[in-house]
Participant: 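Okay, here's the structure, questions in a sec.
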Amino acid sequence: MSWSLLEIIRNNPERLIDSVKKRNMDPSIVTEIVNADKEWRNKLNEINKLRHEHNTISSKIARAESKDKDELMRKAKEVLNILESKERELKDLEFKREQLLLTLPNLVSEISPVGDESASRTIKVVGKIKVYEGDKEAINLLKQLGGDYEITSWKAKGHAEMLENVLKYGNTLKAGEVTGSRFYYLFDDIVWLEFALLLYAMDQMTVKGYTLVIPPYMLKGEVIKSVIDLDTFKDAIYKVADEDLFLIATAEHPIAALHYNETIEAENLPEKFAGFSPAFRKEAGAANKDMKGIFRVHQFHKIEQFVFSLPETSEALHQELLSNAEEIFGGLGIPYRVIDIATGDLGACAYRKFDIEAWMPAQGRFREMISCSNCLDWQSYRMNIRFVDRKNNRKGYVHTLNSTAIASTRTITAILENYQTEDGVVEIPKVLRKYLELFTKAPKEFIYPRK
RNA sequence: GCCGGGAUCGCCUAGCCUGGUAGGGCGGCGGCCUGCUAAGCCGUUGGGGGAAACCCCGCGUGGGUUCAAAUCCCACUCCCGGCGCCA
């Protein structure tokens, strides 16, 4: 037995109750599980004794004189009769216990700020922020956070306006007509920009030794349900009709599934991946948020960082993923802040989470670009991914970590707002230019309005 | 899609016909022996319950037959080979 949450349920349920409370969830689930686990173990013990009795009788039959056989078989059947109903009870108890365990959210870090979304703590603000002189609220926020900002006399246009009306490289109206809202057509220079972003992130990640991977874009129900919590499943996941297949919402999930039901040798850990994939999201919980443009869409591309690690190295690797993400996003020259997500806003899988939010001059606020989580053994328990450390004669569940490296459409929105000039042109971030040089028709320094 | 072959405790493999404690080799770990290494010998090396002694479950998955299933029966999954179809 080595799943950390089960150990806590048996040895220190108070810790878990505290953790669940910090998520603003009902802690009675914990006592419910403690009891369900006890009941299950008691029943299991009872049954093990009966099975032993049955096995003993049964093995005697093989060696018995034929005149004794009938009597022994009668006894064996008698025990089986009792076992039958008890095994049904055990199955029920086990199912109940397992269902309850699967509803449990992860432990939360002692360091995470406690409270709802508003309690999330800004760790740092990086880059030179442009803020319009009329955006008083934004200026106040920046003063409060201690960000380095300059006041501009003109107000940047929103990314949707830039994309569709100024540059004319996007069409969400037609996509809405033929597919639905939150879909888009992108053209020419923005397509080149998207590919440059993805190549840039792939380049950075592979230089750091991460293994590049294109995972399956669909997963079986059993697998995808084991890697995410039920809320995310309901809000985000598309199902393929008439198949037991689901479109992935991030490469995180199929990369985690790379070791589904496997045991990894400790000497091979950590395993680090940079995965490319499209991401399909229903955005069911998002109602009317961000309906304009391509900030919140049903389909985009992403390079995702994913790590399988030993328990003792996951906190350090979490910092590594964050610093990779900062290097990539910061390298674009877009001002951002890093926030330490509060306990009430973590999501069931995460033990601790950092977000990187870009400054959006037109909106006068920071918006999420990157999310970087340490899931400890929450996912690996559900996916049954273990490690074995033969040198130290030790076994357990691996820790999993994930972070965006780059998310295509969101990053494009940040570029459109931060790199636009007063005359409606968008400069291309310097780090992306070498990935555009290769292509004859790709834009090189600026994106000009489409003719 | 069709036909045939296959899936055994980390790896390799025996056992299946003929139901009765899953055996051997390699590798790992621990120990003994040893000037050191190697060899050799002993133990251990899937999951779970138990403070422990110990016990239960496990031979791709799920059912069935039986006192008893790796072994017999049914269904499914995946892999290999051949044929067909196809970007």
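These numbers come from a predicted model, not from an experiment. Order of the sequence lines sets the chain letters (A, B, ...), proteins ahead of strands, with each chain counted from 1.
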Participant: With pairs defined as Watson-Crick or G-U wobble and both distances under 3.5 angstrom, please note down RNA chain B as a dot-bracket string, | for pairing with another strand.
Facilitator: ((((((((.[[[[.)....(..]]]]((((((.......))))))((((....))))..[[[[[..)....]]]]])))))))....

Participant: Return the polar atom pairs (N/O with N/O) between nucleotides 73-79 of chain B and the protein under 3.5 Å, or none.
Facilitator:
none

Participant: Can you sort out the partners of A/Gln99 under side chain to side chain donor-acceptor pair (under 3.5 Å), two or more places apart, ordered by chain and number?
Facilitator: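 A/Gln99 satisfies side chain to side chain donor-acceptor pair (under 3.5 Å) with no residue once adjacent residues are dropped.
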
Participant: Any pair with a residue in residues 188-219 of chain A that passes ring pair (Phe, Tyr, Trp, His ring centres under 6.0 Å), sequence neighbours left out, goes on the list, sorted by first then second residue, please.
Facilitator: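 Sorted pair list: A/Trp192-A/Phe439.
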
Participant: For A/Phe273, check ring pair (Phe, Tyr, Trp, His ring centres under 6.0 Å) against everything at least two apart and list the hits.
Facilitator: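 None.
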
Participant: Distances under 3.5 Å only, N/O to N/O: pair up the protein atoms with those of nucleotides 13-18 of chain B.
Facilitator:
none

Participant: Once side chain to side chain contact (heavy atoms under 4.5 Å, CB included) is applied, do any residues pair with A/Asp389, and if so which ones, sequence neighbours excluded?
Facilitator: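 Only A/Ala266, A/Phe387, A/Lys391, A/Asn392, A/Arg394 meet the side chain to side chain contact (heavy atoms under 4.5 Å, CB included) criterion with A/Asp389.
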
Participant: Can you check the distance between B/G5 and B/A87, where both ends of the measurement are the C1' atom (answer in whole Å)?
Facilitator: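 Per the computed distance, 29 Å lies between those C1' atoms.
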
Participant: Checking A/His301 now: which residues fulfil ring pair (Phe, Tyr, Trp, His ring centres under 6.0 Å) with it, not counting sequence neighbours?
Facilitator: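 A/Phe276.
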
Participant: Might you list the N or O atoms of the protein lying below 3.5 Å from N or O atoms in nucleotides 51-56 of chain B, with each pair's distance?
Facilitator:
{"unit_1": "B/C55", "atom_1": "O3'", "unit_2": "A/His52", "atom_2": "ND1", "d": "2.8"}
{"unit_1": "B/C56", "atom_1": "OP1", "unit_2": "A/His52", "atom_2": "ND1", "d": "2.8"}
{"unit_1": "B/C56", "atom_1": "OP1", "unit_2": "A/Asn55", "atom_2": "ND2", "d": "3.3"}
{"unit_1": "B/C56", "atom_1": "O4'", "unit_2": "A/Asn48", "atom_2": "OD1", "d": "3.4"}
{"unit_1": "B/C56", "atom_1": "O2'", "unit_2": "A/Asn48", "atom_2": "OD1", "d": "2.7"}
{"unit_1": "B/C56", "atom_1": "O2'", "unit_2": "A/Arg51", "atom_2": "NH1", "d": "3.0"}

Participant: Which whole number of Å gives the distance between the P atom of B/C55 and that of B/U44?
Facilitator: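 Comparing P positions in B/C55 and B/U44 gives a spacing of 14 Å.
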
Participant: Which heavy-atom pair separates A/Thr411 from A/Phe329 by the least distance, and what is that distance?
Facilitator: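 Looks like CG2-CE1, 4.1 Å.
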
Participant: With sequence neighbours left out, what residues match A/Glu222 under side chain to side chain donor-acceptor pair (under 3.5 Å)?
Facilitator: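 Only A/Tyr260 meet the side chain to side chain donor-acceptor pair (under 3.5 Å) criterion with A/Glu222.
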
Participant: For nucleotides 65-70 of chain B, list the nitrogen or oxygen atoms of the protein found under 3.5 Å from its nitrogen or oxygen atoms, one pair per line.
Facilitator:
{"unit_1": "B/C67", "atom_1": "OP1", "unit_2": "A/Lys77", "atom_2": "NZ", "d": "3.1"}
{"unit_1": "B/C67", "atom_1": "O2'", "unit_2": "A/His54", "atom_2": "NE2", "d": "2.8"}
{"unit_1": "B/C67", "atom_1": "O2", "unit_2": "A/Ser58", "atom_2": "OG", "d": "3.2"}
{"unit_1": "B/A68", "atom_1": "O4'", "unit_2": "A/Ser58", "atom_2": "OG", "d": "3.1"}

Participant: Using a 4.0 Å heavy-atom cut-off, does A/Lys38 contact any base of the nucleic acid, only the sugar-phosphate backbone, or nothing at all?
Facilitator: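 If one applies the 4.0 Å heavy-atom cut-off, A/Lys38 turns out to touch nothing in the nucleic acid.
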
Participant: May I have the list of side-chain donor-acceptor pairs in residues 244-258 of chain A shorter than 3.5 Å, sequence neighbours left out?
Facilitator:
{"unit_1": "A/Asp244", "atom_1": "OD1", "unit_2": "A/Gly221", "atom_2": "N", "d": "3.2"}
{"unit_1": "A/Thr250", "atom_1": "OG1", "unit_2": "A/Glu252", "atom_2": "N", "d": "2.9"}
{"unit_1": "A/Thr250", "atom_1": "OG1", "unit_2": "A/Lys302", "atom_2": "NZ", "d": "2.8"}
{"unit_1": "A/Glu252", "atom_1": "OE2", "unit_2": "A/Gln379", "atom_2": "NE2", "d": "2.7"}
{"unit_1": "A/Glu252", "atom_1": "OE2", "unit_2": "A/Asn402", "atom_2": "ND2", "d": "3.3"}

